[in-house]
Amino acid sequence: MEIKAAVVNSIGEDYQLEDLVLAEMQPDEVLVKMVASGMCMSDETLKNGGGTVPFPNVLGHEGSGIIEKVGNVVKGFKPGDQVVLSYAYCGSCPNCRTGRPAACDDWGKLNGIGVREDGSYTFHKEDGTPVNNLYGHSSFTTHSLVHESNLIKVDQDVDLRLIGPLGCGFLTGSGTVVNGLKPESGSSIAVFGTGAVGLAAMMAAKIEGCSTIIAVDIHDSRLEVAKNLGATHIINSKNEDPIEKIKEITNGIGVKYSVDTTGVPPVMNTALTVLATGGVMAPVAISGKSIELNPTTDLILVNKSIIGVLMGDGIPQLSIPQLVKFYKEGRFPFDELVKFYNFKDINQAAKDSISGEVIKPILIMDETYKPLESR
Ligand SMILES: NC(=O)c1ccc[n+]([C@@H]2O[C@H](COP(=O)([O-])OP(=O)(O)OC[C@H]3O[C@@H](n4cnc5c(N)ncnc54)[C@H](O)[C@@H]3O)[C@@H](O)[C@H]2O)c1
Ligand SMILES: [Zn+2]
Ligand SMILES: [Zn+2]
(Lines give C-alpha, C1' and ligand atoms only; values in the text may rest on other atoms or scores of the structure.)
(Ligands and ions follow the chains in the order given, each with its own letter.)
Protein backbone atom coordinates (compact mmCIF):
# COMPACT_ATOMS: atom_id res chain seq x y z
CA MET A 1 0.00 0.00 0.00
CA GLU A 2 1.27 3.51 -0.95
CA ILE A 3 1.33 6.01 1.90
CA LYS A 4 2.83 9.42 2.67
CA ALA A 5 5.13 9.83 5.68
CA ALA A 6 7.56 12.36 7.15
CA VAL A 7 10.96 10.68 6.93
CA VAL A 8 14.11 11.70 8.80
CA ASN A 9 16.90 10.37 6.59
CA SER A 10 19.84 11.04 8.91
CA ILE A 11 20.66 12.66 12.26
CA GLY A 12 19.43 16.24 12.59
CA GLU A 13 17.95 16.53 9.07
CA ASP A 14 14.59 18.16 8.44
CA TYR A 15 11.52 15.97 7.96
CA GLN A 16 10.91 15.08 4.28
CA LEU A 17 7.41 14.15 3.15
CA GLU A 18 7.95 11.02 1.05
CA ASP A 19 5.86 8.34 -0.63
CA LEU A 20 6.53 5.05 1.17
CA VAL A 21 5.23 1.52 0.82
CA LEU A 22 3.48 0.00 3.84
CA ALA A 23 4.21 -3.71 4.37
CA GLU A 24 1.58 -6.49 4.23
CA MET A 25 -0.41 -6.61 7.47
CA GLN A 26 0.48 -9.46 9.87
CA PRO A 27 -2.36 -11.39 11.62
CA ASP A 28 -1.80 -9.59 14.96
CA GLU A 29 -1.68 -6.10 13.45
CA VAL A 30 -4.17 -3.31 12.82
CA LEU A 31 -4.13 -0.80 9.96
CA VAL A 32 -4.78 2.73 11.23
CA LYS A 33 -5.58 5.69 9.01
CA MET A 34 -4.04 8.61 10.87
CA VAL A 35 -6.20 11.70 11.33
CA ALA A 36 -3.68 13.72 13.34
CA SER A 37 -0.55 13.50 15.46
CA GLY A 38 0.89 15.60 18.24
CA MET A 39 4.61 16.38 18.23
CA CYS A 40 6.49 15.57 21.42
CA MET A 41 9.87 16.95 22.50
CA SER A 42 11.09 13.35 22.50
CA ASP A 43 10.62 13.28 18.68
CA GLU A 44 13.07 16.18 18.52
CA THR A 45 15.54 14.34 20.76
CA LEU A 46 15.27 11.20 18.60
CA LYS A 47 15.56 13.21 15.38
CA ASN A 48 18.86 14.60 16.68
CA GLY A 49 20.24 11.13 17.38
CA GLY A 50 19.48 11.04 21.12
CA GLY A 51 17.79 7.66 20.99
CA THR A 52 18.10 4.10 19.79
CA VAL A 53 15.94 4.21 16.64
CA PRO A 54 18.17 3.93 13.53
CA PHE A 55 17.84 6.17 10.44
CA PRO A 56 16.08 6.59 8.10
CA ASN A 57 13.00 6.58 10.27
CA VAL A 58 9.43 7.77 10.62
CA LEU A 59 8.93 9.35 14.06
CA GLY A 60 5.77 10.44 15.90
CA HIS A 61 4.07 8.64 18.77
CA GLU A 62 1.06 10.82 19.62
CA GLY A 63 -1.23 9.69 16.82
CA SER A 64 -5.00 9.51 16.61
CA GLY A 65 -6.91 7.81 13.85
CA ILE A 66 -9.52 5.42 12.56
CA ILE A 67 -9.09 1.69 12.17
CA GLU A 68 -9.35 0.55 8.55
CA LYS A 69 -8.55 -3.14 8.85
CA VAL A 70 -7.74 -5.68 11.58
CA GLY A 71 -5.64 -8.85 11.40
CA ASN A 72 -7.49 -12.12 11.93
CA VAL A 73 -6.20 -12.75 15.49
CA VAL A 74 -6.98 -9.23 16.74
CA LYS A 75 -9.87 -9.40 19.18
CA GLY A 76 -10.51 -5.98 20.75
CA PHE A 77 -10.88 -3.71 17.69
CA LYS A 78 -12.88 -3.40 14.48
CA PRO A 79 -12.87 -1.17 11.38
CA GLY A 80 -14.32 2.26 12.15
CA ASP A 81 -13.11 2.38 15.76
CA GLN A 82 -11.57 5.70 16.81
CA VAL A 83 -8.22 5.24 18.52
CA VAL A 84 -5.33 7.02 20.20
CA LEU A 85 -1.89 5.48 19.76
CA SER A 86 0.61 5.06 22.57
CA TYR A 87 3.59 2.80 23.31
CA ALA A 88 3.72 -0.99 22.78
CA TYR A 89 4.13 -3.60 25.53
CA CYS A 90 4.25 -7.40 25.67
CA GLY A 91 1.31 -8.04 28.03
CA SER A 92 2.87 -11.17 29.48
CA CYS A 93 5.95 -10.22 31.56
CA PRO A 94 5.56 -9.85 35.36
CA ASN A 95 5.32 -6.03 35.21
CA CYS A 96 2.73 -6.09 32.39
CA ARG A 97 0.71 -8.71 34.28
CA THR A 98 0.75 -6.59 37.43
CA GLY A 99 -0.50 -3.48 35.65
CA ARG A 100 2.77 -1.70 34.88
CA PRO A 101 3.13 -1.89 31.08
CA ALA A 102 5.46 1.13 31.05
CA ALA A 103 7.91 -1.10 32.96
CA CYS A 104 7.51 -3.96 30.43
CA ASP A 105 10.62 -6.15 30.29
CA ASP A 106 10.56 -5.78 26.49
CA TRP A 107 9.83 -2.04 26.41
CA GLY A 108 13.07 -1.11 24.64
CA LYS A 109 12.76 -3.89 22.08
CA LEU A 110 9.11 -3.16 21.27
CA ASN A 111 9.41 0.63 21.12
CA GLY A 112 12.94 1.68 20.33
CA ILE A 113 14.69 -0.42 17.70
CA GLY A 114 12.62 0.44 14.64
CA VAL A 115 11.46 -3.02 13.53
CA ARG A 116 8.79 -5.61 14.33
CA GLU A 117 9.54 -8.44 16.80
CA ASP A 118 10.45 -10.75 13.89
CA GLY A 119 12.95 -8.16 12.64
CA SER A 120 10.91 -7.11 9.58
CA TYR A 121 10.15 -3.48 8.61
CA THR A 122 6.69 -1.94 8.28
CA PHE A 123 7.90 0.91 6.03
CA HIS A 124 10.00 0.82 2.85
CA LYS A 125 11.00 3.45 0.33
CA GLU A 126 9.87 2.92 -3.24
CA ASP A 127 13.40 1.64 -4.11
CA GLY A 128 13.10 -0.98 -1.35
CA THR A 129 15.22 0.78 1.32
CA PRO A 130 13.82 -0.17 4.72
CA VAL A 131 12.64 2.64 7.01
CA ASN A 132 12.48 2.26 10.83
CA ASN A 133 9.40 2.85 12.92
CA LEU A 134 8.98 4.28 16.43
CA TYR A 135 7.10 2.82 19.43
CA GLY A 136 6.14 -0.12 17.22
CA HIS A 137 4.10 2.10 14.91
CA SER A 138 5.05 5.78 14.04
CA SER A 139 2.45 8.49 13.61
CA PHE A 140 3.98 11.09 11.26
CA THR A 141 2.33 9.20 8.41
CA THR A 142 -1.02 8.88 6.70
CA HIS A 143 -1.30 5.17 7.63
CA SER A 144 0.47 2.88 10.05
CA LEU A 145 0.52 -0.80 11.01
CA VAL A 146 0.23 -1.11 14.77
CA HIS A 147 0.01 -3.75 17.44
CA GLU A 148 -3.09 -4.15 19.61
CA SER A 149 -1.15 -3.03 22.72
CA ASN A 150 -0.50 0.36 21.03
CA LEU A 151 -4.20 1.13 20.73
CA ILE A 152 -6.65 2.89 23.03
CA LYS A 153 -10.26 3.05 21.89
CA VAL A 154 -12.04 6.38 22.41
CA ASP A 155 -15.72 7.30 22.11
CA GLN A 156 -17.11 8.21 18.69
CA ASP A 157 -18.02 11.70 19.95
CA VAL A 158 -14.38 12.60 20.65
CA ASP A 159 -12.70 14.98 18.17
CA LEU A 160 -9.80 12.91 16.87
CA ARG A 161 -7.89 15.97 15.67
CA LEU A 162 -7.30 16.97 19.28
CA ILE A 163 -6.50 13.90 21.29
CA GLY A 164 -3.31 12.30 19.91
CA PRO A 165 -1.14 14.06 22.53
CA LEU A 166 -2.98 12.09 25.22
CA GLY A 167 -0.84 9.18 23.98
CA CYS A 168 2.41 10.63 25.34
CA GLY A 169 3.00 14.19 26.61
CA PHE A 170 -0.23 14.68 28.54
CA LEU A 171 -0.26 11.03 29.68
CA THR A 172 3.30 11.40 30.98
CA GLY A 173 2.73 14.62 32.89
CA SER A 174 -0.53 13.55 34.49
CA GLY A 175 0.62 9.99 35.20
CA THR A 176 3.85 11.17 36.82
CA VAL A 177 1.70 12.86 39.44
CA VAL A 178 -1.17 10.37 39.73
CA ASN A 179 0.77 7.09 39.50
CA GLY A 180 4.31 8.17 40.39
CA LEU A 181 4.13 10.80 43.13
CA LYS A 182 0.60 10.03 44.37
CA PRO A 183 0.23 13.30 46.30
CA GLU A 184 -2.11 13.48 49.28
CA SER A 185 -4.96 15.93 49.05
CA GLY A 186 -3.80 19.28 50.47
CA SER A 187 -0.12 18.65 49.73
CA SER A 188 2.36 20.90 47.92
CA ILE A 189 4.09 20.41 44.58
CA ALA A 190 6.54 22.38 42.42
CA VAL A 191 6.68 21.78 38.67
CA PHE A 192 9.82 22.93 36.83
CA GLY A 193 9.14 23.59 33.13
CA THR A 194 5.66 24.46 31.95
CA GLY A 195 5.55 22.78 28.55
CA ALA A 196 3.00 20.10 27.68
CA VAL A 197 4.40 17.63 30.22
CA GLY A 198 4.73 20.13 33.08
CA LEU A 199 1.29 21.67 32.50
CA ALA A 200 -0.32 18.22 32.43
CA ALA A 201 1.45 17.45 35.73
CA MET A 202 0.04 20.66 37.17
CA MET A 203 -3.52 19.98 35.96
CA ALA A 204 -3.31 16.49 37.49
CA ALA A 205 -1.99 17.94 40.77
CA LYS A 206 -5.06 20.17 40.89
CA ILE A 207 -7.38 17.23 40.19
CA GLU A 208 -5.63 15.24 42.97
CA GLY A 209 -6.32 18.09 45.40
CA CYS A 210 -2.84 19.59 45.88
CA SER A 211 -3.37 22.96 47.53
CA THR A 212 0.00 24.55 46.74
CA ILE A 213 0.98 24.22 43.07
CA ILE A 214 4.11 26.14 42.11
CA ALA A 215 5.07 26.52 38.45
CA VAL A 216 8.63 27.49 37.51
CA ASP A 217 9.75 28.48 34.00
CA ILE A 218 11.83 31.10 32.19
CA HIS A 219 9.00 32.31 29.90
CA ASP A 220 6.37 34.64 31.34
CA SER A 221 3.89 33.65 28.61
CA ARG A 222 4.05 29.98 29.67
CA LEU A 223 3.76 30.95 33.35
CA GLU A 224 0.60 32.90 32.56
CA VAL A 225 -0.85 29.74 30.97
CA ALA A 226 0.17 27.82 34.10
CA LYS A 227 -1.65 30.33 36.28
CA ASN A 228 -4.82 29.99 34.21
CA LEU A 229 -4.65 26.21 34.53
CA GLY A 230 -4.40 26.20 38.33
CA ALA A 231 -0.90 27.15 39.51
CA THR A 232 -1.28 28.85 42.87
CA HIS A 233 2.16 30.47 42.47
CA ILE A 234 4.38 31.18 39.46
CA ILE A 235 8.12 31.81 39.48
CA ASN A 236 10.19 33.11 36.57
CA SER A 237 13.57 31.66 37.54
CA LYS A 238 15.33 34.19 35.30
CA ASN A 239 14.20 36.94 37.65
CA GLU A 240 13.76 35.20 41.00
CA ASP A 241 15.66 32.50 42.90
CA PRO A 242 13.25 29.54 43.01
CA ILE A 243 14.90 28.09 46.13
CA GLU A 244 14.33 31.26 48.16
CA LYS A 245 10.90 31.86 46.71
CA ILE A 246 9.66 28.31 47.37
CA LYS A 247 10.99 28.54 50.94
CA GLU A 248 9.00 31.73 51.38
CA ILE A 249 5.80 30.23 49.89
CA THR A 250 6.04 27.10 52.09
CA ASN A 251 6.98 28.90 55.34
CA GLY A 252 10.53 27.57 55.20
CA ILE A 253 9.47 23.91 54.92
CA GLY A 254 9.79 23.14 51.21
CA VAL A 255 7.40 21.24 48.94
CA LYS A 256 6.41 17.63 49.46
CA TYR A 257 6.67 16.82 45.73
CA SER A 258 8.51 18.15 42.68
CA VAL A 259 8.65 17.34 38.98
CA ASP A 260 11.41 18.41 36.60
CA THR A 261 10.52 18.55 32.91
CA THR A 262 13.46 20.73 31.83
CA GLY A 263 16.28 18.17 31.92
CA VAL A 264 18.67 21.04 32.77
CA PRO A 265 21.14 19.77 35.44
CA PRO A 266 21.07 22.80 37.80
CA VAL A 267 17.25 22.85 37.57
CA MET A 268 17.07 19.13 38.42
CA ASN A 269 19.27 19.82 41.47
CA THR A 270 17.01 22.71 42.45
CA ALA A 271 13.95 20.45 42.15
CA LEU A 272 15.62 18.18 44.73
CA THR A 273 16.76 21.05 46.99
CA VAL A 274 13.29 22.60 47.28
CA LEU A 275 11.80 19.39 48.70
CA ALA A 276 10.78 19.26 52.34
CA THR A 277 12.27 16.50 54.48
CA GLY A 278 10.68 13.26 53.26
CA GLY A 279 9.81 14.73 49.86
CA VAL A 280 9.82 13.01 46.49
CA MET A 281 11.11 14.32 43.17
CA ALA A 282 10.35 12.95 39.69
CA PRO A 283 12.71 13.97 36.88
CA VAL A 284 10.93 13.17 33.60
CA ALA A 285 12.85 14.97 30.85
CA ILE A 286 14.67 12.76 28.36
CA SER A 287 17.66 15.11 28.10
CA GLY A 288 20.34 12.50 28.69
CA LYS A 289 22.00 14.91 31.15
CA SER A 290 23.50 13.81 34.49
CA ILE A 291 23.31 15.45 37.89
CA GLU A 292 25.67 15.22 40.84
CA LEU A 293 24.36 14.49 44.27
CA ASN A 294 25.61 13.33 47.64
CA PRO A 295 23.41 10.41 48.74
CA THR A 296 24.19 10.96 52.43
CA THR A 297 23.28 14.63 52.65
CA ASP A 298 20.92 15.03 49.66
CA LEU A 299 18.83 11.88 50.17
CA ILE A 300 19.46 9.72 53.26
CA LEU A 301 19.68 12.26 56.09
CA VAL A 302 16.68 14.15 54.71
CA ASN A 303 14.65 11.07 53.71
CA LYS A 304 14.16 12.36 50.16
CA SER A 305 13.60 10.16 47.11
CA ILE A 306 13.98 10.48 43.37
CA ILE A 307 11.74 8.32 41.19
CA GLY A 308 11.96 7.53 37.49
CA VAL A 309 8.59 7.56 35.71
CA LEU A 310 8.25 6.44 32.09
CA MET A 311 5.13 7.46 30.12
CA GLY A 312 3.24 8.19 33.34
CA ASP A 313 3.56 4.59 34.59
CA GLY A 314 -0.14 3.84 34.22
CA ILE A 315 -2.16 1.64 31.88
CA PRO A 316 -2.81 3.78 28.78
CA GLN A 317 -6.05 1.88 28.02
CA LEU A 318 -7.41 3.07 31.40
CA SER A 319 -5.62 6.42 31.85
CA ILE A 320 -6.44 7.92 28.42
CA PRO A 321 -10.24 7.41 28.59
CA GLN A 322 -10.01 8.86 32.13
CA LEU A 323 -8.20 11.95 30.78
CA VAL A 324 -10.88 12.28 28.07
CA LYS A 325 -13.51 12.22 30.82
CA PHE A 326 -11.64 14.92 32.81
CA TYR A 327 -11.37 16.95 29.59
CA LYS A 328 -15.13 16.70 28.95
CA GLU A 329 -15.75 17.83 32.54
CA GLY A 330 -13.50 20.86 31.98
CA ARG A 331 -10.93 19.65 34.50
CA PHE A 332 -8.16 18.83 32.01
CA PRO A 333 -8.38 21.64 29.41
CA PHE A 334 -5.42 20.53 27.30
CA ASP A 335 -7.14 21.90 24.17
CA GLU A 336 -5.98 25.37 25.29
CA LEU A 337 -2.36 24.32 24.69
CA VAL A 338 -2.54 23.09 21.09
CA LYS A 339 -1.99 24.63 17.66
CA PHE A 340 -2.96 22.78 14.47
CA TYR A 341 -0.72 22.53 11.39
CA ASN A 342 -1.19 20.87 8.01
CA PHE A 343 0.99 17.74 7.77
CA LYS A 344 3.15 19.38 5.08
CA ASP A 345 4.15 22.12 7.57
CA ILE A 346 5.79 19.65 9.94
CA ASN A 347 9.19 21.42 9.95
CA GLN A 348 7.56 24.74 10.85
CA ALA A 349 5.58 23.02 13.62
CA ALA A 350 8.81 21.54 15.03
CA LYS A 351 10.48 24.97 14.93
CA ASP A 352 7.58 26.66 16.74
CA SER A 353 7.68 24.03 19.46
CA ILE A 354 11.46 24.29 19.97
CA SER A 355 11.32 28.09 20.14
CA GLY A 356 8.68 27.82 22.86
CA GLU A 357 6.10 29.73 20.79
CA VAL A 358 3.74 26.75 20.65
CA ILE A 359 3.21 24.36 23.56
CA LYS A 360 1.75 21.40 21.65
CA PRO A 361 1.75 21.37 17.85
CA ILE A 362 -0.69 18.93 16.24
CA LEU A 363 -0.28 17.89 12.61
CA ILE A 364 -3.43 17.14 10.63
CA MET A 365 -2.97 14.25 8.19
CA ASP A 366 -6.62 13.96 7.19
CA GLU A 367 -8.06 17.41 6.43
CA THR A 368 -11.39 15.79 5.46
CA TYR A 369 -12.04 14.38 8.95
CA LYS A 370 -15.09 15.80 10.68
CA PRO A 371 -15.90 15.23 14.36
CA LEU A 372 -19.25 13.55 15.05
CA GLU A 373 -21.00 16.79 16.07
CA SER A 374 -20.40 18.38 12.64
CA ARG A 375 -20.97 15.29 10.48
N1 LIG B 1 9.46 10.44 30.89
C2 LIG B 1 8.74 10.26 29.82
O3 LIG B 1 8.15 9.20 29.62
C4 LIG B 1 8.57 11.36 28.83
C5 LIG B 1 7.50 11.35 27.94
C6 LIG B 1 7.30 12.47 27.12
C7 LIG B 1 8.19 13.52 27.14
N8 LIG B 1 9.26 13.44 27.98
C9 LIG B 1 10.25 14.54 28.06
O10 LIG B 1 9.73 15.55 28.90
C11 LIG B 1 10.40 16.77 28.63
C12 LIG B 1 9.41 17.92 28.57
O13 LIG B 1 8.59 17.80 27.43
P14 LIG B 1 7.67 19.02 26.95
O15 LIG B 1 6.97 18.57 25.73
O16 LIG B 1 6.87 19.53 28.09
O17 LIG B 1 8.84 20.05 26.55
P18 LIG B 1 8.87 21.63 26.52
O19 LIG B 1 10.17 22.00 25.90
O20 LIG B 1 7.62 22.17 25.94
O21 LIG B 1 8.88 22.04 28.07
C22 LIG B 1 10.04 22.30 28.80
C23 LIG B 1 9.86 23.62 29.54
O24 LIG B 1 11.02 23.84 30.35
C25 LIG B 1 11.29 25.22 30.35
N26 LIG B 1 12.69 25.43 30.70
C27 LIG B 1 13.78 25.23 29.93
N28 LIG B 1 14.90 25.56 30.61
C29 LIG B 1 14.50 25.98 31.83
C30 LIG B 1 15.19 26.47 32.97
N31 LIG B 1 16.53 26.58 32.99
N32 LIG B 1 14.47 26.80 34.06
C33 LIG B 1 13.12 26.70 34.06
N34 LIG B 1 12.41 26.24 33.00
C35 LIG B 1 13.09 25.90 31.89
C36 LIG B 1 10.96 25.66 28.93
O37 LIG B 1 10.73 27.06 28.86
C38 LIG B 1 9.71 24.84 28.63
O39 LIG B 1 8.54 25.55 28.96
C40 LIG B 1 11.19 16.53 27.34
O41 LIG B 1 12.55 16.29 27.69
C42 LIG B 1 10.56 15.27 26.77
O43 LIG B 1 11.46 14.55 25.97
C44 LIG B 1 9.44 12.43 28.83
ZN1 LIG C 1 5.71 -6.81 29.30
ZN1 LIG D 1 6.59 11.61 23.75
Side-chain angles (χ1 to χ4, degrees), residues 1-5 20-38 58-93 96-97 101 104 106-107 109-111 113-124 130-168 171 311 315-321 324 343 364-366 368-372 375:
M1 175 181 184
E2 284 272 325
I3 59 160
K4 214 174 242 332
L20 297 184
V21 179
L22 195 65
E24 284 294 310
M25 192 169 87
Q26 294 188 346
D28 62 350
E29 287 181 331
V30 173
L31 174 65
V32 176
K33 178 178 160 59
M34 223 61 71
V35 166
S37 175
V58 179
L59 301 174
H61 56 283
E62 292 189 342
S64 51
I66 298 171
I67 292 183
E68 284 205 335
K69 213 167 147 191
V70 297
N72 52 26
V73 304
V74 173
K75 292 204 173 74
F77 297 89
K78 59 177 188 321
D81 282 348
Q82 295 208 131
V83 288
V84 171
L85 287 83
S86 192
Y87 60 89
Y89 55 90
C90 80
S92 56
C93 73
C96 279
R97 287 202 188 280
C104 173
D106 282 339
W107 207 91
K109 200 171 92 188
L110 296 173
N111 293 282
I113 60 169
V115 291
R116 290 169 166 140
E117 267 190 289
D118 65 4
S120 64
Y121 292 83
T122 50
F123 302 112
H124 289 86
V131 179
N132 295 276
N133 72 18
L134 175 66
Y135 280 25
H137 62 276
S138 304
S139 62
F140 296 161
T141 168
T142 54
H143 293 81
S144 198
L145 286 174
V146 311
H147 204 263
E148 212 167 341
S149 70
N150 288 117
L151 295 169
I152 299 95
K153 204 182 290 187
V154 292
D155 294 342
Q156 289 288 331
D157 66 348
V158 170
D159 185 347
L160 278 183
R161 292 170 300 186
L162 195 58
I163 60 165
L166 296 182
C168 181
L171 178 72
M311 301 295 291
I315 301 172
Q317 285 72 8
L318 302 182
S319 306
I320 291 174
V324 171
F343 189 22
I364 303 292
M365 280 80 186
D366 180 1
T368 65
Y369 171 82
K370 285 197 171 54
L372 189 65
R375 267 179 232 163

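Under the 4.5 Å side-chain criterion, counting only non-hydrogen atoms from C-beta, Leu171 is not in contact with Leu166. The side-chain heavy atoms of Val32 and His143, taken from C-beta on, include no pair separated by under 4.5 Å. Within the 4.5 Å cutoff, side-chain heavy atoms of Met34 are placed close to those of Leu85. Two residues are said to be in side-chain contact when any heavy atoms from C-beta on lie closer than 4.5 Å; Leu110 and Cys90 meet this criterion. Counting heavy atoms from C-beta on, the side chains of Val115 and Asn133 never come closer than 4.5 Å. The closest side-chain heavy-atom distance from Leu31 to Met1 is below 4.5 Å. By the 4.5 Å heavy-atom criterion applied to side chains, Cys168 and Met311 are counted as neighbours. With contacts defined as side-chain heavy-atom distances shorter than 4.5 Å, the pair Ser144/Phe123 qualifies.
Annotation for Glu148: atom CD counts as buried by contact number, over 12 foreign heavy atoms lying within 6.0 Å. The environment of CD in Glu2 is crowded: more than 12 heavy-atom neighbours from other residues, nucleotides or ligands sit within 6.0 Å.
Among Val74, Ile67, Val70, the single residue meeting the side-chain contact (heavy atoms from CB on, under 4.5 Å) criterion with Leu151 is Ile67. Screening Tyr135, Tyr87, Phe140 against His61 for a ring pair (Phe, Tyr, Trp, His ring centres under 6.0 Å) leaves a single residue, Tyr135.
Annotation: side-chain contact (heavy atoms from CB on, under 4.5 Å) contacts of Gln26 (sequence neighbours excluded): Asp28, Glu29, Arg116, Asp118, Ser120. Scored by the side-chain contact (heavy atoms from CB on, under 4.5 Å) test, Ile66 finds Val35, Leu160, Tyr369 as partners (sequence neighbours excluded).
In this structure, the side chain of Gln82 does not engage the main chain of Asp159 through any donor-acceptor pair within 3.5 Å. Judged by distance alone, the side chain of Thr142 and the main-chain N or O of Ile3 form no donor-acceptor pair under 3.5 Å. With hydrogens and angles disregarded, no donor-acceptor distance shorter than 3.5 Å links the side chain of Ser86 to the backbone of Pro316. A donor-acceptor contact shorter than 3.5 Å links the side chain of Ser138 to the backbone of Val58. For the pair Asn111 (side chain) and Ala88 (backbone), a donor-acceptor distance under 3.5 Å is present. Using a distance-only test at 3.5 Å, with no hydrogens or angles considered, a donor-acceptor pair links the side chain of Asp366 to the main chain of Thr368.
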ask   = When you look at Val83 and Ile152, which way does the side chain to side chain contact (heavy atoms under 4.5 Å, CB included) test go after all the steps?
value = CA-CA 5 Å; Val83 288; Ile152 299 95; over 6 Å; no
query = Hey, mind stepping through Leu22 and Leu145 against side chain to side chain contact (heavy atoms under 4.5 Å, CB included) and telling me if it holds?
reply = CA-CA 8 Å; Leu22 195 65; Leu145 286 174; 3.9 Å; yes
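Here NE2 of His137 is found 10.5 Å from OG1 of Thr122. Values are rounded to the nearest 0.5 Å. To the nearest 0.5 Å, atom OG1 of residue Thr141 and atom CE of residue Met365 are 7.5 Å apart.
Taking all atoms of both residues into account, the shortest heavy-atom contact from Gly60 to Leu134 is N-CD2, 3.7 Å. Residues Leu20 and Ala5 share a closest heavy-atom pair of CD1-CB, 3.7 Å. Closest heavy-atom contact between Gly114 and Tyr121: O-CD2, 4.3 Å. Here the closest non-hydrogen pair linking Pro101 and Trp107 is O-CD1, 3.6 Å.
Here salt bridge (Lys or Arg N to Asp or Glu O under 4.0 Å) pairs that include residues 62-73, with residues two or more places apart or in two chains, are Glu62-Lys360.
A cation-pi arrangement is found for Lys153 relative to Phe77, the charged atom lying closer than 6.0 Å to the ring centre and inside a 45° cone about the ring normal.
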